[in-house]
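Convention: sequence-line order gives letters A, B, ...; per-chain numbering from 1.
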Number of protein chains: 2
Amino acid sequence: MIINNRMSTILNAVVHLYITNAEPVSSEMIVSYYGLAISTATVRNDLQLLEKYGFLKKPHTSAGRIPTDKGYRFYVDQLMEKEIVHLTEEEKQDIKEHYKIARDYNEIMKVTSVLISRLTQNLGVVLAPNMIKDTLKDIHFVTLNNQRILATLVTNSGLFFQKMMRVNCDISEENLEAISQIIKKEFYGKSLEVVNDEMLNQIYHYYFKYQTLDSIWNLIENCFDFTEEETKIFFGNRSYILKQPEFKEIERLNYLFDFIEEEDNLIKIIKKSIFNKQIDIIIGSELGQEIMENCSVITRQYLLKGKLRGAISVLGPTRMNYSKSVSVLDFISHQLSEILSE
Amino acid sequence: MIINNRMSTILNAVVHLYITNAEPVSSEMIVSYYGLAISTATVRNDLQLLEKYGFLKKPHTSAGRIPTDKGYRFYVDQLMEKEIVHLTEEEKQDIKEHYKIARDYNEIMKVTSVLISRLTQNLGVVLAPNMIKDTLKDIHFVTLNNQRILATLVTNSGLFFQKMMRVNCDISEENLEAISQIIKKEFYGKSLEVVNDEMLNQIYHYYFKYQTLDSIWNLIENCFDFTEEETKIFFGNRSYILKQPEFKEIERLNYLFDFIEEEDNLIKIIKKSIFNKQIDIIIGSELGQEIMENCSVITRQYLLKGKLRGAISVLGPTRMNYSKSVSVLDFISHQLSEILSE
DNA sequence: AATTAGCACTCTATGGTTGAGAGTGCTAAA
DNA sequence: TTTAGCACTCTCAACCATAGAGTGCTAATT
């Protein structure tokens, strides 16, 4: 299997034209749109070869070609980088404006997902920052009512985390204050992972050490498990993806929404991606989800103070603009990292 | 215009059959499914009259009848109450189980919306509890990092409210503590509305009164506006509504999603409803949104300690099961009120 | 006066047919 | 190795034709 220069050009052309027109690409189209100095017959020969190699396929005998997953893979790995579509100044400005308005972390995540949706015309997805490797900086309890206490836990990187806890008896402000002092004293500077494990394992140790607070540790034992919290996921606008021609048959759309609303599968896929590399593109069947075989997911890491914390993604049909999506994710990832770190 | 008993029965039959089958209802159908002791011709005569009065319409000359908005309105106002579909024991148990798992308020709202979606097979919507009429019970500041402070404000009903504030200079823990003490001292027991207004109006008063804290009031002035927070809205599963036959043409679906994602319109509609009455049903064109003329919204209030706080809704096609939806909303509203109040 | 049987009429939905057009793949020539 | 030329294939849209579902009207019946 030899892919010469011309074949690369042709494959590239097919991908491009198919991405923009959503219709099978003919030899005629390739020549005319790219002004190639070769005949359509020559192009057809190459197309035949590219199909034989598995990069292209035809919906039916007398139709033009469309890329296979393997074709997109080759495009993404070998051809795309040369022609990354950079964002326009307006787009960049637009992104920055939106971030200026967002105040709290939830809003920042929401804005991020919406921006990705809008700029890629597909579904933007954001995984909220993970803080399990952070260290404990502060903890505070507030009584909401006689059955509920709100714990706010702050980490060294300025992220925070909240949990409502149910209790069966009144606990005085003083006792809550004392508890938080103890926790700070014992755990300040330790990673949440450690705090969590040690607290759960050694609860009786603390129970004996600080006897005055006996009733409270029992409550905390049941309530204070930081890790059980599942990853928060944010979705941007779903309306753009609805308009993609691959979803004009409702059935496909049903599959897509069932998949999205299941959430866990998607979270798994995204998490696996950021573990691998800074940016990861998963195409169609590579997702390993039969019902999603006509979709791709692009995932980009984002950082907080230089450390990997979460991911932002684009979910769209395999016929998506990979180049544009990568640019969007790159730029937004930088903005997001900057905002979170500041 | 006289609607006799038989005509009511027939109108009721049309609504029922159309709701379950999503297909125009013929005279034959009505007689056979309802075992009426009259001929189809008689039914046809009544159908003609009901159409003349505007309760029914035909998609085309030789088709059965479907209800108009006016027809649904009559059904909902006059016929429905006699035959409310109560939830089964399993459904009730299912709801309770789900609420047991939910811990914090966000989870409770999310679970609520999902339950509504599942049980009605349409889109569940929840407006988070409004706390502007609550009084201030506690306030606490935590430093996240040198640029960000997290304020947690607790109200007398055990709800809380958070805001991240940006600052340009370090503020010591002591100063933050002092500030919160001052706010508590000045505003404890006052409604958030009042706190908000007075704080913003009299900021200079406090500035002079507590001079040691000069730099801080400036920051608070810009950041601490409780009311600007817009109403939080939660959506359940969108996948059920996708499967409704009225949305098998993508275009309708596009309208629906554009409307949903706009959010503001829907929030306005829901808020107007709860202001009116405990339960409110808005049918098709009554929504006043051209693109949503084939949809209805049912809204139910929910309480916290006996006071109106928010709303739960069902959004679906006008051909939705109003009776079932009302039951679902009723039951869930009670559960939700109970959980929030406990 | 109300109901019903009977029947003509209307409209949709389905399936089959046709022809145009798009695009390929092959062959033979350049 | 490239290309012109052409037969071949398949889709798509348009156009029937027909079956059948359901109505509305008229005249008969209760």
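A salt bridge does not link A:Asp280 to A:Lys272: none of the charged side-chain nitrogens sits closer than 4.0 Å to a carboxylate oxygen. At a threshold of 4.0 Å, the pair B:Asp264-B:Lys268 does not count as salt-bridged, since none of the basic side-chain nitrogens sits closer than that to a carboxylate oxygen. Ion pairing between a basic and an acidic side chain is recognised when a charged N comes within 4.0 Å of a carboxylate O; A:Glu246 and A:Arg252 show no such pairing. Taking 4.0 Å as the cut-off between side-chain N and carboxylate O, A:Arg73 and A:Asp69 do not count as a salt-bridged pair. We find that B:Lys52 and B:Asp46 are not joined by a salt bridge, their nearest charged nitrogen and carboxylate oxygen being 4.0 Å or further apart.
Note: B:Lys70 NZ to B:Tyr53 OH = 10.0 Å, rounded to the nearest 0.5 Å.
Using a 4.0 Å heavy-atom cutoff across all strands shown, A:Thr40 reaches no nucleic acid atom at all. Residue B:Gln48 is classed as a sugar-phosphate contact, given heavy-atom separations below 4.0 Å to backbone atoms only.
Regarding contacts with the backbone of D:dT2, every side-chain N or O of A:Thr42 stays at 4.0 angstrom or more from both OP1 and OP2.
Along DNA chain C, read 5' to 3', the first and last nucleotides having any atom under 4.0 Å from a heavy atom of chain A are C:dA22 to C:dC26.
Mapped onto DNA chain C by nearest heavy atom, B:His60 and B:Ala41 fall at different nucleotides, with B:Ala41 at the one closer to the 5' end. The nearest heavy atom of DNA chain C to A:Glu51 and to B:Ile38 marks one nucleotide each, and the one closer to the 5' end goes with B:Ile38.
Axis orientation changes by 30° from one end of the helix from C:dA1-D:dT30 to C:dA30-D:dT1 to the other, with each end axis drawn from 5 pairs and the value rounded to 10°.
A 4.5 Å side-chain heavy-atom check between B:Phe235 and B:Leu266 finds at least one atom pair inside the cut-off. In this structure the side chain of B:Lys324 never reaches within 4.5 angstrom of the side chain of B:Thr120, judged on heavy atoms.
Residues from residues 2-14 of chain B lying near DNA chain D, meaning a heavy-atom separation below 4.0 Å, are absent.
Less than 6.0 angstrom separates the ring centroid of A:Phe257 from the ring centroid of B:Phe257.
Between the CG atom of A:Leu49 and the C1' atom of D:dT2 there is a distance of 15 Å, given to the nearest Å. Distance CG (A:Leu47) to P (D:dT2): 14 Å, rounded to an integer number of Å. With rounding to whole Å, B:Asn45 atom CG is found 12 Å from D:dT26 atom P. In this structure, the CD atom of A:Glu28 is 12 Å from the P atom of D:dA4, given to the nearest Å.
For the salt bridge (Lys or Arg N to Asp or Glu O under 4.0 Å) test with A:Arg65, the passing option among A:Glu51, A:Glu28, A:Glu23 is A:Glu51; the others fail.
Taking the six-membered ring where the residue is Trp, A:Tyr72 and A:Tyr322 present tilted rings, their angle falling between 30° and 60°.
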